[in-house]
There are 2 protein chains.
Amino acid sequence: MNALLITSAEENYLKAIFKIAEKDPGAVLTNALAAEMGTSAASATDMLKRLSDKKLVVYEKYRGVKLSEAGNRIATNLIRKHRLWEVFLVDKLGFAWDEVHDFAEQLEHIQGEQLTERLDDFIGNPRFDPHGDPIPDAQGKWLRRTQTRFLTLASGQRGIITGVDDHSPGFLQYLGELGLGLGAELELLERTAYDQSSKVRIGAHHAVLSEKVGQNLFVRIL
Amino acid sequence: MNALLITSAEENYLKAIFKIAEKDPGAVLTNALAAEMGTSAASATDMLKRLSDKKLVVYEKYRGVKLSEAGNRIATNLIRKHRLWEVFLVDKLGFAWDEVHDFAEQLEHIQGEQLTERLDDFIGNPRFDPHGDPIPDAQGKWLRRTQTRFLTLASGQRGIITGVDDHSPGFLQYLGELGLGLGAELELLERTAYDQSSKVRIGAHHAVLSEKVGQNLFVRIL
DNA sequence: AAATATTTTTAGGCTTGTCTAAAAATAAAA
DNA sequence: TTTTATTTTTAGACAAGCCTAAAAATATTT
């Protein structure tokens, strides 16, 4: 049925298309895709033709591309596997949330439905990965969740960290140093109008978060 | 230092060379390697030239090949990872010993020393995999172990299953049905001279093992 | 030792996934 | 609207891994 052979490279392109489309479905253009993949525009065009031949994307020359039903299924499953492995690496092997991306990037390509499902059970069927990103279920269904950008918090409001928009080790490590892991509670004491920096209380102590940090933090308002 | 890029295909050839050499170091010839890899002799020759260029093997045209120091290190580490993942799959995810080979075949190529070592700790630093094969340590050291072929047992002797020489799912499943897992105890009641078949007692009940089964079973004599 | 058989290597091709340079299409500016 | 700039595609190459068919080397028979 569905056993057409997909290479890791093809999977990675599908995932990149998914990622770009997530923010703006109209922005999946050759250059953006090449940038996301770290390849040349020529290579991206090349791959788009292959993916189109395999009916994994709908591709119109010069116009951009979108995932087909089948392509979307593959990309979603890839993200599912990536995030399940991340949970495993953090919860079971004790890695920090900024250390797991490269491993998960490899592990997501391991084939075998049974393995994925048993892994899911073993780690307790988590709905979110260590960065707060949702994990689609085996049918590709996403759990929608209401989270707010930290910058929308008003003075005096409290919130719980539910996710990050920047997954770079540098940002994650910095948050860790501030005591801001997933599930951490913080209170916005004051926001400086001039530079959108935020004075916050994290447990017993205070800190100042720059606008850049604020932009990349999601919270659930308490 | 040691970060020269090795592809999965190259790793697989190194592992195949190791495997053939294990039984007979002089038998690592092009045809044997091609057979082991399921490729043509021409492809094997091709790869041997590449591996030779990378100093991973010592290759003499028409004469056969052997692993270099570096090649041996890579092959050993690959086997280490393969067997550690097998233990994980059986002990933690609950797979049967005949189900894990294909998954481990993929997982062994995951790069990252830290991952391997944390996995090793997580599963309790096992010395043997689910088939009784030894797991080399992080330095590539092998634990030597005394095990005997079942066929060397004399009537009346008892033994504990310590390993198998045939890893095919068919054989492993058959053993499972007989109640002959790793660590199982059995007693040789009688061996038929004509066909080397063996009447055995396994716990409370009796069974007859063909010569073929007997050849592929290792035991520790009690 | 010469003839025959087997094994191994070479030669030439194909696909995937990449590249650079040039051409073509689209978008923006004058 | 015509020119200029940008984006995208095409053309031609290359390395990795595989193939088949033919040639060369080694091993076996007679």
Side-chain angles (χ1 to χ4, degrees), chain A residues 3-17 20-21 24-67 71 74-75 78 105-106 108-109 111, chain B residues 3-17 20-21 24-66 70-71 74-75 78 105-106 108-109 111:
Chain A
L4 76 166
L5 303 175
I6 311 287
T7 66
S8 286
E10 288 168 340
E11 287 189 328
N12 285 335
Y13 272 92
L14 292 174
K15 199 175 50 145
I17 293 167
I20 298 166
D24 179 359
V28 195
L29 304 172
T30 303
N31 269 352
L33 186 55
E36 177 67 31
M37 289 299 298
T39 60
S40 69
S43 301
T45 299
D46 224 66
M47 181 57 91
L48 287 180
K49 279 190 277 194
R50 273 197 291 271
L51 293 174
S52 187
D53 289 346
K54 292 191 176 183
K55 313 279 188 207
L56 298 173
V57 300
V58 181
Y59 168 49
E60 274 185 283
K61 274 189 184 180
Y62 296 99
R63 292 273 102 108
V65 68
K66 67 192 197 68
L67 294 175
I74 291 168
L78 209 60
E105 206 69 12
Q106 300 178 64
E108 69 189 4
H109 297 292
Q111 301 292 327
Chain B
L4 76 165
L5 302 175
I6 312 287
T7 66
S8 286
E10 289 168 341
E11 287 189 328
N12 286 335
Y13 271 92
L14 292 174
K15 200 175 51 146
I17 293 167
I20 298 166
D24 179 359
V28 195
L29 304 172
T30 303
N31 269 352
L33 186 54
E36 177 68 31
M37 289 299 297
T39 60
S40 70
S43 300
T45 299
D46 224 64
M47 180 58 90
L48 286 179
K49 278 191 276 193
R50 272 197 294 274
L51 293 175
S52 187
D53 289 346
K54 293 192 176 183
K55 311 279 189 208
L56 297 173
V57 302
V58 181
Y59 168 50
E60 272 185 285
K61 274 189 183 181
Y62 297 99
R63 290 274 103 109
V65 69
K66 67 193 197 71
I74 292 168
L78 210 59
E105 207 70 12
Q106 300 178 64
E108 70 189 3
H109 296 292
Q111 301 293 326

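Convention: sequence-line order gives letters A, B, ...; per-chain numbering from 1.
Residues B:Y59 and B:D53 form no side-chain contact, since every pair of their non-hydrogen atoms from C-beta on lies 4.5 Å or further apart. In this structure, B:E108 and B:N12 have side chains that are in contact, with non-hydrogen atoms separated by less than 4.5 Å. Put simply, the side chain of A:Y13 reaches to within 4.5 Å of the side chain of A:T39, judged on heavy atoms.
In this structure, the side chain of A:Q106 engages the main chain of B:Q111 through a donor-acceptor pair within 3.5 Å.
Atom CG in B:L33 sits roughly 14 Å away from atom P in D:dG17 (whole-Å rounding).
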Report, as a single string ordered 5' to 3', how protein heavy atoms within less than 4.0 Å touch nucleotides 8-20 of chain C: B base, S sugar-phosphate only, - not at all.
SBB------BBBB
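Residues B:A41 and B:N31 approach most closely at CB-OD1, 3.5 Å, considering heavy atoms.
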